[in-house]
Amino acid sequence: MCKFIRWLAATMCFFALSGCNTEQALNPDYDQNFVVQSILVAGKRIDRVHIYEWIPYADGLSSDSLKGIENAEIVISKHDQDIRLDPIPGRPGYYHDRQHRFNVSPGDSLYLSVTAMGTTVYSRTMVPMVPEIEQGPDTLRFAGEHLSWDEKENQSVLRWSGSFDPQGLYYVVITPHGKDKLPWYGRFSGPLPYQGDSFYERWSFDSYTITLKNLDYRGRYTAYVYRVNKEYALMDDPLQRDWQGVTKAPGNIENGYGIFTATSVDSMDFYVEYSPD
């Protein structure tokens, strides 16, 4: 899950610089912009808020080229409690709740204020409720190499408590822990996207069907279901540019750029067993 969160943060940086279908147009002639990126996770401390200088599209998108902003004043509030974040030693531009003053909880309304480079930006997000997994496989057993991923006997349904919000947005990640390849490895799909060998897909209802295309190895897997909110999903939009070539960025930061958002997650383990014919 940590790798997934790191990938999401990097992806959000990418889209904040390269563009999505929003109203935040980047102005390459104005060099006082900065970007705020933060993904908070329900049940966790505030462990990373990234503040860095805006870089024009033409300068490239490598994370190594991002210039972190030091000496920023960052306050996150919930209810009547305000906390000022501390810089993470050795990581310019990264801040966290060093004293672990509160956890992020499902249903929280969180408010952000960042002052840097003579500018103050604001944002607000709601922490989604946990998508509690209600049904899923314990063990999937397969025999023989001549299998079809669309056959019902080679599928299992992963179901979570999303029926209360049919418009909710969810992400499913299927992560293998073993490296003992199954005989159909690579047959049903190309290289799996994003987190190495993990399978990642967006889903909008309350269930997901695990098939052979998700399974490349014997042994233990973990299925993660993330519930996200609207601003989080902005990073999943395709790159777009208007006719004047002005890059746009996703975001919910007032008076600035970037995304301040939260996600909640539930997970379950299952096993895959295989025996040849």
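By the ring-ring contact (aromatic ring centres under 6.0 Å, His included) test, Y95 pairs with no residue at all, sequence neighbours left out. Scored by the salt bridge (Lys or Arg N to Asp or Glu O under 4.0 Å) test, D266 finds no partners at all (sequence neighbours excluded). With sequence neighbours left out, the salt bridge (Lys or Arg N to Asp or Glu O under 4.0 Å) criterion links R124 to no other residue. Among residues two or more places apart in sequence or in another chain, the salt bridge (Lys or Arg N to Asp or Glu O under 4.0 Å) test is passed with R91 by none. Partners of S264 according to the side-chain hydrogen bond (donor to acceptor under 3.5 Å, both in side chains) rule, which considers only residues two or more places apart in sequence or in another chain, do not exist here. In this view, R220 and D269 satisfy the salt bridge (Lys or Arg N to Asp or Glu O under 4.0 Å) rule, not counting sequence neighbours. Residues satisfying the side chain to side chain contact (heavy atoms under 4.5 Å, CB included) criterion with R98, sequence neighbours excluded, are D86, H96. Under the side chain to side chain contact (heavy atoms under 4.5 Å, CB included) criterion, T120 pairs with S113, T115, Y122, sequence neighbours left out. Remark: K181 engages Y185, Y217 in a side chain to side chain contact (heavy atoms under 4.5 Å, CB included) (not counting sequence neighbours). Scored by the side chain to side chain contact (heavy atoms under 4.5 Å, CB included) test, P106 finds A42, M129, V130 as partners (sequence neighbours excluded).
Across every non-hydrogen atom of V121 and N255, the tightest pair is CG1-O, 3.3 Å. R227 approaches P128 most closely through the heavy-atom pair O-CG, 3.6 Å. Here the closest heavy-atom approach between residue P131 and residue V225 is recorded as CG-O, 3.4 Å.
How far CZ of F142 is from CG of L182: 8.0 Å, rounded to the nearest 0.5 Å. For the atom pair CD1 (I210) and CG (L158), the distance works out to 5.0 Å, reported to the nearest 0.5 Å. Put simply, OH on Y257 and CD on Q37 are 13.0 Å apart, with the number rounded to the nearest 0.5 Å. Between the CG atom in L140 and the OH atom in Y274 there is a gap of 15.0 Å [rounded to 0.5 Å]. Between I83 atom CD1 and R45 atom CZ the span is 9.5 Å, to the nearest 0.5 Å. Expressed to the nearest 0.5 Å, how far CD1 of I76 lies from CG of D97 amounts to 8.5 Å.
As a member of the Ile/Leu/Val/Met/Phe/Trp/Tyr network built from side-chain separations under 4.5 Å, I88 groups with Y94. As a member of the Ile/Leu/Val/Met/Phe/Trp/Tyr network built from side-chain separations under 4.5 Å, Y271 groups with nothing else and remains a singleton.
Residues Y221 and V272 meet the side-chain proximity criterion, which asks for heavy atoms closer than 4.5 Å. For the pair L85 and V75, the minimum side-chain heavy-atom distance is 4.5 Å or more. Residues L40 and F260 meet the side-chain proximity criterion, which asks for heavy atoms closer than 4.5 Å. In this structure the side chain of L110 reaches within 4.5 angstrom of the side chain of V127, judged on heavy atoms. Side chains of F102 and D108 form no contact here, defined as non-hydrogen atoms less than 4.5 Å apart. Between V172 and Y170 there is no side-chain heavy-atom pair separated by less than 4.5 Å. Between Y226 and V265 the shortest side-chain heavy-atom distance falls below 4.5 Å. Residues I253 and F34 are not in side-chain contact: their nearest non-hydrogen atoms beyond the backbone lie 4.5 Å or more apart.
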> Should S38 and H50 be marked as a side chain to side chain donor-acceptor pair (under 3.5 Å) after you check the CA-CA gap, both sets of side-chain angles, and the distance that decides it?
Replying inline: CA-CA 6 Å; S38 178; H50 191 191; over 6 Å; no
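Not one N or O on the side chain of N252 forms a donor-acceptor pair closer than 3.5 Å with the backbone of S123. Checking side-chain atoms of T211 against main-chain N and O of Q155 turns up no donor-acceptor pair under 3.5 Å. The backbone N or O of N103 sits less than 3.5 Å from a side-chain atom of K78, completing a donor-acceptor pair.
Between E73 and R84, at least one side-chain N (NZ, or NE/NH1/NH2) sits under 4.0 Å from a carboxylate O, which counts as a salt bridge. A salt bridge links R141 to E273: one of the charged nitrogens lies within less than 4.0 Å of a carboxylate oxygen.
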